[in-house]
*Asks:* 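Please find one structure pasted underneath; my questions will follow.
Predicted, not measured: the structure shown is a model, and the values here were computed from it. Lettering of chains follows the sequences in order, A, B, ..., and the numbering in each one begins at 1. All values below come from the heavy atoms of this structure, side chains included, with hydrogens, waters and symmetry mates left out.
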Protein chains: 2
Amino acid sequence: MTVSTRTNSPTPPPRRSDATRTAILAAARERFAADGYERATIRAIAKDARIDPSMVMRYFGSKEGLFAAAVALDLRLPDLTRVPREEVGRALVGHFLGLWEENEELTAVLRVGATNQAGAERMQGIFRDQLLPVARQVCPDPEQSPARAALCAAQLLGLALTRYVLRLPPARELTREELVAWLGPTVQRYLTAPNP
Amino acid sequence: MTVSTRTNSPTPPPRRSDATRTAILAAARERFAADGYERATIRAIAKDARIDPSMVMRYFGSKEGLFAAAVALDLRLPDLTRVPREEVGRALVGHFLGLWEENEELTAVLRVGATNQAGAERMQGIFRDQLLPVARQVCPDPEQSPARAALCAAQLLGLALTRYVLRLPPARELTREELVAWLGPTVQRYLTAPNP
DNA sequence: CAAGGCAGTCAACGCTTGTTGGCCTACGGA
DNA sequence: TCCGTAGGCCAACAAGCGTTGACTGCCTTG
């Protein structure tokens with residue numbers, strides 16, 4: 001693990017320990033996703049990162065600090081105003097499926113959100129700051145958008161729960177295309193239908 | 001193991017400790033629902049039941065045994081063949097909402113299922129033994145029923161997750177009637193629509 | 001009345017956890 | 001070349017965990 005020695009970028013100066021830092025974060029994400037908050041021990045994370053447990057404390061202060069740093073989640077939701085109005089449901093479902101398969105951050109935050117109070121609050125923040133604004137873009141009545149966004153969250157998180165956390169076999173066997181075909185219209189309806 | 005010597009009643013004889021037993025189970029359900037598996041300690045459960053921790057071990061063998069006994073879950077799903085075909089979606093959503101509000105068992109098993117491997121397997125069992133047979137009753141093509149049941153589970157568990165575990169405010173503010181109106185058609189479609 | 005088993009308590013065990021502080025090492029600017 | 005300092009390791013701490021076994025009363029049964 002070599003560190004680029006003489007990059008004079010404007011962002012904070014590269015430290016010699018950056019490699020270790022990112023190794024710890026990667027191991028933490030993996031463990032939190034696989035085991036949840038309580039069973040993901042600092043010792044195990046440190047061992048995965050081939051580092052002493054005390055280093056984790058030095059860099060992130062505490063286990064909670066590590067978790068906060070490990071799951072600074074950005075959903076990278078697309079700008080729905082640039083998507084054909086009748087396609088927003090399918091677009092969202094597809095986007096979320098992609099997010100979930102590409103890294104373990106979402107599984108980690110979901111699993112921890114189900115166990116830990118701080119995790120649940122983090123999930124509330126993600127909903128409020130990222131999903132809600134997007135819902136506002138496409139909802140007919142802005143006043144209804146929190147409720148509609150919540151319905152979408154229920155459907156999308158329910159899919160993630162059954163497929164990636166509980167791992168119900170039938171939920172795992174559905175292909176990406178089938179899921180988009182089934183859930184797309186649902187999300188579309190939750191967001192844009194004038195009434196139930 | 002001792003054998004009851006002279007009781008020839010079909011059900012086991014009432015024991016003096018039954019009250020304690022049920023008190024432990026009630027406390028366990030509450031703690032598992034509120035804290036998840038790892039943070040729900042035997043010591044805390046015992047204190048809630050005003051009993052010594054060692055009694056829990058004596059009656060249930062281990063923490064896993066206690067959990068297994070505490071969440072012997074029966075969804076009491078209605079016989080969908082006796083429900084008008086176009087009403088099965090709303091009926092299921094209403095039934096699940098009732099289940100969730102009446103006791104904490106479902107919250108407990110959901111929360112533990114998200115953390116614990118054994119909990120996830122228990123959830124898979126509930127799906128397979130209770131939801132799947134009901135789905136088979138109403139699905140057009142029996143071969144599709146696992147997938148359709150999984151879609152329903154995703155929607156219903158997602159609602160429970162956002163409303164009772166993560167406690168997203170907008171998900172909590174929706175009334176029972178609104179939820180039935182929004183989710184009913186979704187579940188109906190997942191179960192009975194000829195194709196997506 | 002005597003006796004045995006049942007409900008319950010108490011204290012302790014071995015282990016794991018997050019967290020701390022002291023110590024060593026080796027890089028990199030002067 | 002030398003030395004400060006950042007990066008890293010080691011050992012230990014207190015607290016909390018599940019679990020165990022010995023002990024004490026009470027109640028039922030013979």
*Asks:* Side chain of Arg43(B), base of dG16(D): donor and acceptor closer than 3.5 Å?
*Replies:* no
*Asks:* Which of parallel (below 30°), tilted (30 to 60°) and perpendicular (above 60°) describes Tyr164(A) and Trp100(A)?
*Replies:* parallel
*Asks:* Tell me: CZ of Arg39(A) to P of dG18(D), nearest whole Å?
*Replies:* 14 Å
*Asks:* With respect to the side chain of Tyr59(A), which nucleotide from dG8(C), dT19(D), dG8(D) is positioned closest?
*Replies:* dG8(D)
*Asks:* Could you check which of dA7(C), dG7(D), dT19(D) has an atom nearest any side-chain atom of Arg58(A)?
*Replies:* dG7(D)
*Asks:* Judged by atom type as modelled, is there a donor-acceptor pair below 3.5 Å linking the side chain of Arg189(B) to the main-chain atoms of Gly89(B)?
*Replies:* no
*Asks:* What is the distance, to the nearest angstrom, from the CD1 atom on Ile45(A) to the C1' atom on dG18(C)?
*Replies:* 12 Å
*Asks:* In whole angstrom, what separates Asp35(A)'s CG from dG18(C)'s P?
*Replies:* 12 Å
*Asks:* Where the side chain of Lys63(A) is defined as all heavy atoms beyond and including C-beta, which of dG8(D), dG18(D), dT19(C) is the nearest nucleotide?
*Replies:* dT19(C)
*Asks:* Whether Glu101(A) and Arg163(A) form a salt bridge (side-chain N of Lys/Arg under 4.0 Å from carboxylate O of Asp/Glu) is what I want to check.
*Replies:* yes
*Asks:* Just compare dC9(D), dT9(C), dG8(C) and give me whichever is closest to any side-chain atom of Ser54(B).
*Replies:* dT9(C)
*Asks:* Starting from C1' on dA22(D), measure out to CG on Asp52(B) and report it in whole angstrom.
*Replies:* 13 Å
*Asks:* Using the rule given for side-chain contact (heavy atoms from CB on, under 4.5 Å), can you reason through Val187(A) versus Val88(A), listing the C-alpha separation, both sets of side-chain angles and the distance that settles it, and then say yes or no?
*Replies:* CA-CA 8 Å; Val187(A) 173; Val88(A) 293; over 6 Å; no
*Asks:* Nearest whole angstrom, please: distance from the P of dT19(C) to the CZ of Phe67(A).
*Replies:* 15 Å
